[in-house]
Amino acid sequence: TGMDDWEYLGKFKTNGDGKVFVPVNKGVGEYLIRMVVTGDLTLADGYVSVVDNNREAVLFDIDGTLTLNDFEAVGDYLGTDVASAHYYAQQTVNKYKELGYQIIYLTGRPYWVGKDTREWLDYMGLPNGHLHTNPYGDGPIPPDTQSYKIQYLNKLIQDNGMDIVRSYGNASTDIAAYEAVAIDKLQTYIIGENAGDNHTQAIYDDYSLHFSEVVLNTQPANCH
């Protein structure tokens with residue numbers, strides 16, 4: 001945002017898990033961070049969203065929520081298949097982007113498939129948005145996804161001042177996590193076998209009817 005060239009941030013060293021923490025001080029907007037390994041010049045890209053307080057956002061889980069089911073992620077991980085998206089999922093997410101909402105993808109996928117996840121979003125024509133993967137790195141299925149999501153949502157809401165006005169999920173852990181951070185049940189939409197559970201709003205089969213009845217009637221961000 002507002003930049004036409006790279007800005008050097010400094011030289012940093014990863015920790016024993018290969019993670020690096022870099023202070024970034026920029027104005028409100030979206031930024032691409034590129035890390036270059038000194039030795040062989042290989043690259044790793046990251047993304048930073050800087051938001052105003054009370055920035056309105058729409059939250060999405062990915063596996064089983066945007067993809068057809070949780071198990072399709074395995075093909076993505078192994079590079080043997082590309083997960084299919086629910087019908088009208090693309091139109092749903094892109095409409096919120098068009099309306100000015102911050103798009104947040106909060107997934108239980110481990111961080112080491114973050115690059116593959118962004119490639120899937122791009123392949124499906126979904127906006128990049130703010131993607132957060134599970135920092136757990138010891139296996140393909142991170143433990144206690146619910147607690148991880150609650151912790152990160154509290155950070156977004158309490159520390160970063162995000163106003164999550166609508167949320168989407170498919171699992172019981174999504175329902176519990178969204179409830180724990182007080183996201184309105186009337187604005188919590190669940191697709192799949194848990195649709196409508198615990199007073200959430202049900203999406204059946206795909207997003208086509210939801211898109212026409214709910215998304216198209218949504219006011220632009222900050223116009224409520």
Side-chain angles (χ1 to χ4, degrees), residues 30 45-47 49 57-99 101-134 136-137 139-143 145-146 148-149 152-153 164 166-178 183 187-197 200-218:
E30 303 288 338
D45 286 345
Y47 298 83
S49 300
V58 179
L59 170 69
F60 292 90
D61 171 58
I62 294 179
D63 293 312
T65 300
L66 296 178
T67 68
L68 290 181
N69 57 61
D70 287 315
F71 300 105
E72 286 212 329
V74 176
D76 269 345
Y77 296 165
L78 299 177
T80 59
D81 195 12
V82 176
S84 299
H86 279 291
Y87 186 54
Y88 259 77
Q90 178 200 42
Q91 291 88 338
T92 295
V93 182
N94 279 298
K95 186 61 179 180
Y96 286 124
K97 181 75 171 181
E98 178 187 321
L99 290 170
Y101 291 93
Q102 179 75 38
I103 303 299
I104 299 173
Y105 303 106
L106 180 59
T107 174
R109 295 182 177 193
Y111 74 89
W112 41 266
V113 294
K115 179 175 181 290
D116 304 281
T117 303
R118 284 198 178 275
E119 288 175 352
W120 182 82
L121 293 172
D122 184 60
Y123 180 83
M124 289 294 168
L126 293 163
N128 250 322
H130 176 68
L131 169 67
H132 190 71
T133 52
N134 197 323
Y136 170 84
I141 304 176
T145 298
Q146 181 177 316
Y148 144 73
K149 288 192 172 185
Y152 193 70
L153 287 171
I164 300 175
R166 190 167 289 167
S167 60
Y168 291 84
N170 74 299
S172 59
T173 52
D174 295 326
I175 296 173
Y178 301 165
I183 297 175
Q187 300 299 331
T188 298
Y189 290 89
I190 303 298
I191 193 169
E193 63 180 18
N194 295 304
D197 284 4
T200 60
Q201 309 307 302
I203 299 177
Y204 298 108
D205 300 323
D206 61 48
Y207 287 91
S208 55
L209 183 62
H210 175 75
F211 180 82
S212 62
E213 292 186 347
V214 176
V215 180
L216 285 182
N217 291 311
T218 300

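Starting from 1, each residue takes its place in the sequence as its number. Everything numeric in this text was worked out from a predicted model, so none of it was measured.
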Heavy-atom side-chain proximity of [X] to [Y] below 4.5 angstrom:
X    : Y    : result
Y96  : I103 : yes
N94  : P127 : yes
E30  : N128 : no
T107 : V113 : no
Y105 : V93  : yes
V82  : M124 : yes

Checklist line | Steps toward side-chain contact (heavy atoms from CB on, under 4.5 Å) verdict (T92, H86) | finding: CA-CA 10 Å; T92 295; H86 279 291; over 6 Å; no
Margin query: Going by salt bridge (Lys or Arg N to Asp or Glu O under 4.0 Å), name the pairs with one or both residues in residues 117-127, residues two or more places apart or in two chains.
Written below: K115-E119
To the nearest 0.5 Å, tell me how far [X] [atom1] sits from [Y] [atom2].
X    : Y    : atom1 : atom2 : result
F60  : L66  : CZ    : CG    : 6.5 Å
L59  : Q102 : CG    : CD    : 11.5 Å
I164 : I104 : CD1   : CD1   : 4.5 Å
H132 : Y152 : NE2   : OH    : 5.0 Å
Q146 : I175 : CD    : CD1   : 10.0 Å
Q91  : L216 : CD    : CG    : 10.0 Å

Next item on the list: Sequence neighbours left out, what passes ring pair (Phe, Tyr, Trp, His ring centres under 6.0 Å) with Y189? Give chain and number order.
Entry: Y168, H210
Which pair of heavy atoms, one from [X] and one from [Y], lies closest together, and at what distance?
X    : Y    : result
I203 : Y207 : CD1-CE2, 3.7 Å
T133 : G114 : CG2-CA, 4.1 Å
I62  : R109 : CG2-NH2, 4.1 Å
V215 : L99  : O-CD1, 4.3 Å
N134 : G108 : CB-O, 3.7 Å

Notebook entry, point to check: Near Y87 OH, under 6.0 Å, is it more than 12 heavy atoms from other residues, nucleotides or ligands?
Noted result: no
Item checked: side-chain contact (heavy atoms from CB on, under 4.5 Å) partners for T188, two or more places apart -> S167, Y178, I183, I190, T200
Check: side-chain contact (heavy atoms from CB on, under 4.5 Å) with D205: which residues, sequence neighbours excluded?
Finding: none
Next item on the list: For the pair D61 and K149, find out whether any cationic side-chain nitrogen is under 4.0 Å from an anionic carboxylate oxygen.
Entry: yes
Using only atom types and a distance under 3.5 Å, with no angle test, would you say the side chain of [X] pairs donor to acceptor with the backbone of [Y]?
X    : Y    : result
N194 : N170 : yes
S212 : L209 : yes
Y101 : K95  : no

Next item on the list: Just jot down the salt bridge (charged side-chain N to carboxylate O under 4.0 Å, His left out) partners of D206, sequence neighbours excluded, or say none.
Entry: none
Next item on the list: Could I get the full list of salt bridge (charged side-chain N to carboxylate O under 4.0 Å, His left out) partners for E213, not counting sequence neighbours?
Entry: none
